[in-house]
Amino acid sequence: MEYRPRIVDRQLQRKLKASGAVQIIGPKWCGKTTTAEQVARSSIYMQDPDNRERYRQIAELKVSLLLEGENPRLIDEWQTEPRLWDAVRMSVDRRQEKGLYILTGSVVVARPDDSHSGAGRIAKLVMRTMSLYESGDSSGEVSLGGLFEPGYTVEGSSDIGIEDVAGLVVRGGWPGYLDGDGEGIEDYCQAILDAEIQIDGVRRNRGWMESIMRSLSRNISTQAPNTTILADIGGEDVGMTAPTLAKYLAALRDVCMTEDMPAWSPHLRSKSVIRTSDTRYLSDPAIAAYFLGATAKDLVMDPETLGLLFECMAVRDLRVYAQANRGRVFHYRDNTGLEADCVISLWNGRWGAVEIKLGLGSVDAAAENLLKLRDRVDTDRMGEPAFLAVVTSTGFAYTRPDGVHVVPIGCLRDRWHPRCGTLQCLRRIPPRFGEIAASRLPGRGRPDRAVPGPKWFALTGIGSCGACACTGRPRRPPPPRRLR
């Protein structure tokens with residue numbers, strides 16, 4: 001199967017240049033190993049059934065032997081032998097080189113008390129299921145990075161209808177399921193319940209775990225406390241206590257099935273009290289659709305549930321795009337009821353607020369909320385918001401007279417420039433760039449066969465980054481020059 005370029009490709013390359021090792025974590029089957037294989041020069045698969053026992057024996061005798069190989073070396077599912085963590089850290093310390101190892105795994109492992117944290121040696125990279133731009137369901141006409149730039153023009157359109165939204169929610173973002181309509185999600189969820197939640201050696205009640213997943217799916221995109229979840233599954237009537245529920249929720253978090261959103265705590269002009277409860281989200285909306293027993297047709301007939309699952313999908317995409325811009329996503333809610341579904345905060349302190357609405361009829365109310373939030377935040381200390389935006393399911397991308405952007409989810413992407421160095425690159429660039437590039441590179445006159453390289457970047461003025469080094473602003477290409 002042809003590799004689909006991922007937004008984290010560039011992030012992985014950047015982290016390998018800065019750290020001795022990189023740990024990629026994320027949901028099972030989201031593409032971590034395949035992405036790592038694109039840059040690894042040697043690899044070892046710890047769960048290979050033909051060699052698993054041999055690897056275990058080697059780890060007991062001399063774990064450093066498993067690290068031998070050309071670098072970067074991929075160690076897949078490293079958590080099956082936790083001693084590899086300290087071995088990698090020690091190797092990085094001794095060799096004092098960058099980009100030595102890539103560790104992949106779908107489980108967050110609790111390291112022993114005497115184990116080193118890996119700080120300064122092993123960088124962390126979070127990978128999620130595919131965003132709509134990565135799966136080819138978004139045109140990418142509006143970039144999140146561009147929204148943070150002054151004067152960025154928001155324009156575009158999406159022909160995704162309500163039926164399409166429901167289909168995308170049920171299908172999910174796993175690379176292996178993009179050509180289906182959600183049939184594989186059942187196998188995925190059952191595999192998690194059968195095996196993954198037991199991977200740390202603790203036996204858990206499968207029925208309880210399934211009930212918890214159903215309750216989380218019913219309370220998705222809300223700030224439901226643990227007491228609500230406990231009451232929803234029967235609580236003491238089924239023999240479950242609050243401490244037990246907390247442990248089960250932690251296990252789901254460790255296998256990357258859930259990813260709650262923390263609260264944003266800005267400085268305010270008023271004395272409003274900020275709510276600090278996390279908003280509950282699953283790693284992919286298709287998981288919630290499965291545990292609710294909802295098909296795409298069911299969701300179309302239930303707009304309220306579809307709206308909650310659409311929010312989960314939009315949050316997943318915004319997290320992917322924000323991470324590419326070195327940002328994080330939070331939510332805001334205070335005691336007056338004022339809220340924003342997402343607040344995107346970049347590493348340099350700039351921020352923007354987003355409301356997510358399934359229907360276009362809610363855009364006015366959402367924009368009013370965002371403007372109230374802007375007025376309530378102490379901008380002398382937090383700075384003015386770089387943008388305010390309402391993410392919708394369909395329609396046109398434009399800027400309202402009050403300055404609030406309206407952006408369909410089918411128009412969003414991470415950054416402005418195409419992912420350089422891929423064969424799809426020239427298909428996504430503006431026509432004037434494509435004409436220049438296609439006329440001077442192999443595949444003359446056929447942009448889809450032209451391979452971008454150093455000369456192409458020199459002609460177009462786009463940064464030669466190996467992936468995507470977007471500044472958020474398109475640059476005018478220089479006049480054509482004769483190539484020697």
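Everything numeric in this text was worked out from a predicted model, so none of it was measured.
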> Can you list every pair that meets ring-ring contact (aromatic ring centres under 6.0 Å, His included) and has a residue in residues 41-62, with sequence neighbours left out?
Replying inline: none

[X] and [Y]: which non-hydrogen atoms are nearest, and at how many Å?
X    : Y    : value
G184 : Y177 : O-OH, 3.1 Å
I7   : A324 : CG2-CB, 3.6 Å
L309 : A288 : CD2-CB, 3.5 Å
S158 : S393 : OG-O, 4.5 Å
L412 : Y321 : O-OH, 3.5 Å

> What do the steps show when you test R171 against D137 for salt bridge (Lys or Arg N to Asp or Glu O under 4.0 Å), and what is the final call?
Replying inline: CA-CA 12 Å; R171 183 199 70 184; D137 297 295; 3.0 Å; yes

>> Could you walk me through whether M46 and D76 satisfy the side chain to side chain contact (heavy atoms under 4.5 Å, CB included) test, starting with their C-alpha distance in whole Å, then the side-chain angles of each, then the deciding distance to 0.1 Å, before giving a yes or no?
In response: CA-CA 6 Å; M46 299 303 297; D76 185 49; over 6 Å; no

>> Could you work out, with side chain to side chain contact (heavy atoms under 4.5 Å, CB included) as the rule, every residue matching A36, not counting sequence neighbours?
In response: I24, L74, I102, T104

> Could you go step by step and tell me if L16 and K98 meet the side chain to side chain contact (heavy atoms under 4.5 Å, CB included) rule?
Replying inline: CA-CA 6 Å; L16 284 172; K98 307 297 184 184; over 6 Å; no

Kindly say whether [Y] contributes a backbone atom to a donor-acceptor pair with the side chain of [X] at under 3.5 angstrom?
X    : Y    : answer
D378 : L268 : no
T394 : I160 : yes
W351 : G383 : yes
H405 : V391 : no
S135 : L132 : yes
Q38  : T34  : yes
Y290 : P285 : no
K32  : P27  : yes
E355 : V390 : no
S138 : Y133 : no

Does a donor on one side chain and an acceptor on the other come within less than 3.5 Å for [X] and [Y]?
X    : Y    : value
T153 : E155 : no
N348 : R326 : no
Q13  : Q11  : no
R73  : S42  : yes
Y101 : S91  : yes
D9   : Y3   : yes

> Can you tell me if CZ on R95 sees more than 12 non-hydrogen neighbours from other groups inside 6.0 Å?
Replying inline: yes

>> Counting only heavy atoms from other residues, nucleotides and ligands, does the tally under 6.0 Å from CZ of R328 exceed 12?
In response: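 No, the 6.0 Å shell around CZ holds no more than 12 heavy atoms from other groups.
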
> Got a second to check how far T279's OG1 is from F330's CZ, nearest 0.5 Å?
Replying inline: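 Reported value, rounded in 0.5 Å steps: 12.0 Å.
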
> Just how far is it from atom CG of D48 to atom CD of E53, taken to the nearest 0.5 Å?
Replying inline: 12.5 Å

>> Given E134, which partner from the list R316, R413, R4, R6 fulfils the salt bridge (Lys or Arg N to Asp or Glu O under 4.0 Å) test?
In response: R6

> For E384 and R374, what are the C-alpha separation, side-chain angles and deciding distance, and is it a salt bridge (Lys or Arg N to Asp or Glu O under 4.0 Å)?
Replying inline: CA-CA 8 Å; E384 292 284 345; R374 180 194 62 186; 5.3 Å; no

>> Before you tell me yes or no, could you show the steps for D86 and R89 under side chain to side chain contact (heavy atoms under 4.5 Å, CB included), namely the whole-Å CA-CA distance, both residues' side-chain angles and the distance that decides it to 0.1 Å?
In response: CA-CA 5 Å; D86 279 337; R89 191 262 307 172; 3.8 Å; yes

